[in-house]
Asks: 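I'd like to ask you about the structure that follows.
Note that ligands are numbered from 1 as they come in the structure, with each ligand's atoms numbered from 1 the same way.
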Amino acid sequence: HAAEAYRTDLMTITRYVLNEQSKYPESRGDFTILLSNIVLGCKFVCTAVNKGEEQKKLDVLSNEVFVKALVSSGRTCILVSEEDEEATFVELSKRGRYAVVFDPLDGSSNIDCGVSIGTIFGIYLVNDNGEPTLDDVLQPGKNMLAAGYCMYGSSCTFVLSTGNGVNGFTLDPSLGEFILTHPDIKIPKKGKIYSVNEGNAKNWDEPTTKYVEKCKFPKDGSSSKSLRYIGSMVADVHRTLLYGGIFLYPADKKSPNGKLRVLYEVFPMSFLMEQAGGQAYTGKQRALDLVPEKIHERSPIFLGSYDDVEEIKTLYAAEEKKG
Ligand code: P6P
C-alpha cells in the first residue's frame with residue numbers, strides 16, 4: 001500500500017515535455033531546455049510571491065529572473081517582456097532558435113490583497129539564422145509552438161500546451177517539481193459564467209452591450225449566467241478553462257483596442273483555449289490570426305467555451321452587416 005500512498009509514477013513537467021519531444025526525432029532537446037528555464041523562473045516567482053515580497057520589487061525581480069534564465073539557456077534569440085519597453089536581443093554567443101514573449105507577473109496590482117496572479121508566456125520558433133529582428137516576434141499567435149501560464153495562488157499551477165492539447169501541473173513543494181494533476185484539459189462546450197469588468201459598460205459597443213444584456217436577461221427563458229470577475233487575467237482565464245463560460249475584455253470608446261496585450265496576454269490564452277476545444281475572437285477575427293505590428297499592442301478579446309464565443313461572433317457579424 002505504500003506505493004499507493006506515494007504515487008511512484010511521477011509525471012513531472014520535464015518528463016511530459018521529453019515524451020512530447022520524442023515525437024519529433026529531429027529535435028535536439030532545445031525546447032526541453034528552454035521550457036525547464038521557464039519552469040525555473042516560475043518556481044522562483046512562486047517562492048517570492050509566497051514570501052510576501054512587496055509588489056514593486058516583485059515585478060522587477062520576476063522580470064529579471066526570467067530574462068536571465070532565458071538568455072543563459074542559450075536557446076533564445078529575442079525576448080519581449082511586459083516589463084521592458086524594448087525587446088531583448090540575445091548576444092550571438094548565447095543565441096538560440098526561440099523567441100519568447102511573456103508577462104512575468106500579470107495582475108501584480110492584486111498582490112497585496114492575496115488575489116492569485118501569474119506568469120503568462122508564448123514561444124515562437126525563429127527560422128532565419130541572421131540577426132534577430134522584431135519581425136521574428138511579430139508573428140500571428142497561430143505560429144506559436146507553445147504557450148502557458150503559471151498561477152500563484154493557494155497552490156502553484158502550471159498550465160501548458162505544446163500544440164497537442166492542454167495539461168495542468170501542480171507544484172509539489174516537498175519535491176520542488178510540477179506534477180501532472182490536470183491531464184488533457186477540455187473546456188466545457190458551453191458555460192454558465194460570463195467574466196467582464198461591468199464598470200466599463202457605459203463605453204461598450206453595441207454587440208458587447210447586447211451580449212452582456214443577454215447573459216443577464218436571457219430572452220429564451222433560460223437561466224441568466226453568473227458574473228465572476230477577479231481582475232487578474234490568469235485567475236479569470238484559469239476558472240474559465242476549468243468551469244467553462246466566457247472571458248471578455250472588449251474594446252470601449254476610451255480604449256478602442258481594449259486593454260490586454262496581444263503578444264503575452266491575448267495570444268497565449270487564446271492558444272490554450274483553442275487547444276482545450278474553446279475559441280478566442282477579437283470582435284473582428286480569430287484572435288490567433290491577428291498579425292501584431294508593435295510588441296506591446298493591445299486587442300479586444302472574447303475567449304472561452306466554443307458555443308459562448310460563437311454567440312458573440314454572431315452579434316459582431318450582424319453589426320458588420322449593418323455596415
Ligand atoms: P481591469 C491586470 O492589471 C490586467 O492586466 C489583467 O490581469 C486583468 O485581466 C485586467 O488587467 C483587469 O483590468 O480594467 O478590469 O481592472
Side-chain angles (χ1 to χ4, degrees), residues 42 45-46 49 54-56 58-60 62-63 66 80-85 101-122 141 147-153 156-159 191 193-205 208-209 211-212 215 226-243 245-273 278 280-283 287 292 294-304 308-309 312:
C42 293
V45 175
C46 177
V49 166
E54 49 104 12
Q55 181 212 333
K56 188 62 213 133
L58 254 180
D59 276 339
V60 173
S62 316
N63 187 50
F66 280 108
V80 169
S81 166
E82 191 270 345
E83 283 288 321
D84 295 328
E85 194 47 44
V101 295
F102 61 99
D103 188 341
L105 207 55
D106 184 88
S108 59
S109 55
N110 293 293
I111 204 160
D112 295 337
C113 64
V115 163
S116 300
I117 59 177
T119 297
I120 311 172
F121 66 92
Y149 58 80
C150 190
M151 185 169 75
Y152 311 110
C156 184
T157 309
F158 195 104
V159 173
I193 297 170
Y194 73 105
S195 186
V196 68
N197 182 341
E198 292 244 7
N200 298 330
K202 67 180 177 311
N203 295 322
W204 288 340
D205 61 22
T208 293
T209 305
Y211 179 74
V212 172
C215 292
S226 293
L227 170 60
R228 294 281 183 277
Y229 192 72
I230 303 167
S232 173
M233 188 184 198
V234 173
D236 279 317
V237 169
H238 189 62
R239 183 207 52 251
T240 305
L241 184 66
L242 296 187
Y243 294 179
I246 186 168
F247 171 80
L248 312 85
Y249 209 107
D252 69 37
K253 294 187 191 93
K254 282 188 311 175
S255 351
N257 285 324
K259 172 182 184 182
L260 299 179
R261 309 284 183 168
V262 171
L263 278 182
Y264 42 77
E265 288 177 312
V266 172
F267 278 170
M269 296 314 205
S270 300
F271 186 94
L272 290 169
M273 280 299 163
Y281 177 67
T282 66
K294 293 245 178 303
I295 57 174
H296 296 297
E297 83 180 45
R298 304 167 194 265
S299 168
I301 184 67
F302 306 88
L303 57 78
D308 295 333
V309 178
I312 202 147

Asks: Taking atom CG of Asn63 and atom CD of Glu83, what is their separation to the nearest 0.5 Å?
Replies: 5.0 Å

Asks: Could you give the distance from SG (Cys215) to CD1 (Ile312), rounded to the nearest 0.5 Å?
Replies: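 These two atoms lie 7.5 Å from each other.
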
Asks: Using the test side chain to side chain donor-acceptor pair (under 3.5 Å), find all partners of Ser255 that sit at least two apart in sequence or belong to another chain.
Replies: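 Ser255 satisfies side chain to side chain donor-acceptor pair (under 3.5 Å) with Asp252 once adjacent residues are dropped.
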
Asks: I need the His296 NE2 to Leu263 CG distance, nearest 0.5 Å.
Replies: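 The NE2 atom of His296 sits 8.5 Å away from the CG atom of Leu263.
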
Asks: Do Ser81 and Tyr264 have a side chain donor and acceptor closer than 3.5 Å?
Replies: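 There is no such pair between these side chains.
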
Asks: Write out the residue and atom name of the closest protein heavy atom to atom 12 (C) of ligand 1, then the distance separating them to 0.1 Å.
Replies: Tyr229 OH, 3.4 Å

Asks: Is there a donor-acceptor pair closer than 3.5 Å between any side-chain N or O of Ser195 and the backbone N or O of Ile246?
Replies: no

Asks: Using a 4.0 Å cutoff against the non-hydrogen atoms of Asp106, which atoms of ligand 1 qualify?
Replies: 5 (O), 6 (C), 7 (O)

Asks: Using a strict cut-off of 4.0 Å, indicate which atoms of ligand 1 neighbour a heavy atom of Asn197.
Replies: 1 (P), 14 (O), 15 (O)

Asks: Could you work out, for atom 16 (O) of ligand 1, the closest of Arg261, Lys259, Met269 by heavy-atom distance?
Replies: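 The nearest heavy atom belongs to Lys259.
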
Asks: Give me the nearest non-hydrogen protein atom to atom 14 (O) of ligand 1 as residue plus atom name, then the distance to 0.1 Å.
Replies: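 Answer, as residue, atom name and distance: Tyr249 OH, 2.6 Å.
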
Asks: To the nearest 0.5 angstrom, please state how far the CE atom of Met273 sits from the CZ atom of Phe247.
Replies: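 Result: 9.5 Å between the selected atoms.
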
Asks: Check ligand 1 against Gly231 and write out every atom of the ligand that is under 4.0 Å from a heavy-atom position of the residue.
Replies: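 Matching atoms, with element in brackets: 2 (C), 8 (C), 12 (C).
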
Asks: Only heavy atoms of Glu265, strictly under 4.0 Å: list the atoms of ligand 1 that pass.
Replies: 5 (O)

Asks: Could you tell me, atom by atom, which parts of ligand 1 come under 4.0 Å of a heavy atom of Met233?
Replies: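 Within the 4.0 Å cut-off of Met233, ligand 1 contributes 6 (C), 7 (O), 8 (C), 9 (O).
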
Asks: Only heavy atoms of Ser232, strictly under 4.0 Å: list the atoms of ligand 1 that pass.
Replies: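 Every atom of ligand 1 under 4.0 Å from some heavy atom of Ser232: 7 (O).
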
